[in-house]
Amino acid sequence: YLSQVKSLEERLHKGERLASLGILAAGMAHEIKNPLGGIRGATQLLRKEMGEGHLLQEYTDVIIREVDRMNKIIQGLLDFSRPHELKLRPTNLHQVLERVVFLVLLESPSENVRFVRNFDPSLPNVKADPDQLSQVFLNLFKNGIDAMGGEGILTLTTRMLPGYRMQDGEHEKKGMISVDIEDKGCGIEPGVIEKIFDPFYTHKAGGVGLGLSISHRIIEEHGGKIEVTSTPGKGACFRVCLPVVIRRKDV
């Protein structure tokens with residue numbers, strides 16, 4: 001019981017910190033975005049005036065490229081700080097997963113990446129925003145593929161988690177659905193796991209470090225959670241848990 005209370009307190013404090021950071025990030029992003037647009041526009045005009053092949057063209061190209069990179073970071077900040085109004089409806093998780101698999105395979109050569117599906121066919125629908133869930137799974141799939149060096153097998157497993165019952169206002173969360181995304185990549189060091197959902201924490205070259213933070217927030221907004229287990233050198237498993245919501249009168 002004490003461990004459960006401590007876990008809830010840690011999640012509450014983390015949520016408060018992320019909310020405060022989100023407000024700060026939104027303000028900074030708006031202040032920085034406008035001058036960056038001016039810098040990019042002026043650099044493009046300068047490049048045009050110099051003409052193709054000018055000796056200084058490589059420098060204007062660097063400015064434009066770095067401005068675009070900063071804009072990517074700022075857009076990530078805005079996505080992180082902006083509250084999303086979830087469009088909840090009965091959602092088939094398997095359909096969401098298949099759609100995201102299709103999108104990933106469009107970007108990756110089919111001979112390099114393979115998905116193994118261990119789906120529970122009796123899985124009930126969840127009340128969710130399928131577009132927001134797609135964003136979460138797309139991020140987790142890509143992270144798994146990156147951890148395997150761009151090629152390998154991702155195993156997707158869905159199941160009902162038994163014994164989970166939780167009261168929540170007018171609803172009762174009676175049961176939890178889990179989606180496991182397991183890779184055979186480099187794994188995550190024990191001291192790193194507790195930090196991976198923190199904003200701007202990333203080991204990826206050129207990464208922004210907001211993908212997992214945004215994913216974590218989306219799942220929490222659905223009343224769920226993300227858990228991570230990993231063995232360094234042998235891979236990692238991200239478990240997305242979502243509640244099956246049943247109204248009291250139906251229980």
Side-chain angles (χ1 to χ4, degrees), residues 7 86 88-166 173-190 192-194 196-197 204 211-212 214-246:
S7 176
L86 297 178
L88 301 175
R89 61 178 185 267
T91 301
N92 185 311
L93 271 180
H94 293 157
Q95 291 178 357
V96 173
L97 291 168
E98 290 292 0
R99 181 173 67 178
V100 179
V101 168
F102 176 75
L103 292 174
V104 170
L105 291 179
L106 282 179
E107 298 179 11
S108 307
S110 57
E111 65 271 15
N112 291 346
V113 178
R114 188 161 66 89
F115 286 86
V116 173
R117 301 161 178 81
N118 297 320
F119 288 172
D120 180 352
S122 65
L123 212 65
N125 288 343
V126 294
K127 194 173 183 180
D129 184 326
D131 291 332
Q132 293 293 312
L133 289 187
S134 294
Q135 181 180 349
V136 171
F137 291 127
L138 183 62
N139 182 57
L140 294 178
F141 289 2
K142 288 185 174 180
N143 282 354
I145 293 169
D146 288 344
M148 296 187 295
E151 58 183 10
I153 299 174
L154 274 185
T155 302
L156 312 180
T157 304
T158 62
R159 62 168 67 90
M160 285 291 300
L161 296 179
Y164 190 96
R165 189 182 183 97
M166 175 178 171
K173 297 174 183 175
K174 187 182 179 183
M176 208 79 160
I177 287 174
S178 70
V179 181
D180 290 359
I181 300 104
E182 185 177 3
D183 66 67
K184 297 298 182 184
C186 57
I188 307 170
E189 295 293 332
V192 173
I193 286 182
E194 61 189 29
I196 59 175
F197 294 112
K204 288 185 182 180
L212 284 177
I214 293 172
S215 297
H216 185 271
R217 189 199 62 202
I218 290 172
I219 296 302
E220 289 213 324
E221 287 173 350
H222 279 81
K225 58 182 179 179
I226 301 182
E227 301 173 338
V228 188
T229 56
S230 178
T231 302
K234 294 185 178 181
C237 179
F238 282 76
R239 171 170 290 179
V240 177
C241 302
L242 293 165
V244 179
V245 180
I246 302 175

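Only heavy atoms go into these numbers, but all of them, side chains included; no hydrogens, no water, no symmetry mates.
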Evaluate the side-chain proximity of [Y] to [X]: yes if any heavy-atom separation is below 4.5 Å, no if none is.
X      : Y      : result
Val100 : Leu138 : yes
Ile153 : Lys184 : no
Met160 : Pro124 : yes
Met176 : Leu242 : no
Phe238 : Ile188 : yes

At their closest point, which heavy atom of [X] faces which heavy atom of [Y], and how far apart are they?
X      : Y      : answer
Ile219 : Lys225 : CG2-N, 3.2 Å
Ile218 : Gln135 : CD1-OE1, 3.8 Å
Val113 : Glu151 : CG2-CA, 4.4 Å
Asn125 : Asn92  : OD1-CA, 3.5 Å
Asp183 : Met148 : CB-SD, 3.9 Å

(message) What I want to check is whether the side chains of Asn139 and Ser215 have a donor and an acceptor closer together than 3.5 Å.
(response) yes
(message) Just to verify, which of Leu161, Val240, Thr157 counts as forming a side-chain contact (heavy atoms from CB on, under 4.5 Å) with Ser178?
(response)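 It is Leu161; the other options fail the test.
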(message) What I want to find out is whether Asp180 reaches Arg239 closely enough, with some N-O distance under 4.0 Å, to be called a salt bridge.
(response)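 Yes, charged N to carboxylate O under 4.0 Å.
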(request) Using side-chain hydrogen bond (donor to acceptor under 3.5 Å, both in side chains) as the criterion, list what pairs up with Ser134, not counting sequence neighbours. (result) Arg99
(request) Would you check if the side chain of Ser122 reaches a backbone N or O of Asp120 as a donor-acceptor pair within less than 3.5 Å? (result) no
(request) Kindly say whether Ala128 contributes a backbone atom to a donor-acceptor pair with the side chain of Thr91 at under 3.5 angstrom? (result)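 Yes, because the side chain of Thr91 sits within donor-acceptor range (under 3.5 Å) of the backbone of Ala128.
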(request) Could you list the residues that satisfy salt bridge (Lys or Arg N to Asp or Glu O under 4.0 Å) with Glu98, not counting sequence neighbours? (result) Arg117
(request) Give me the ring orientation class for Phe119 and His94: parallel if the planes are under 30° apart, tilted from 30 to 60°, perpendicular past 60°. (result) parallel
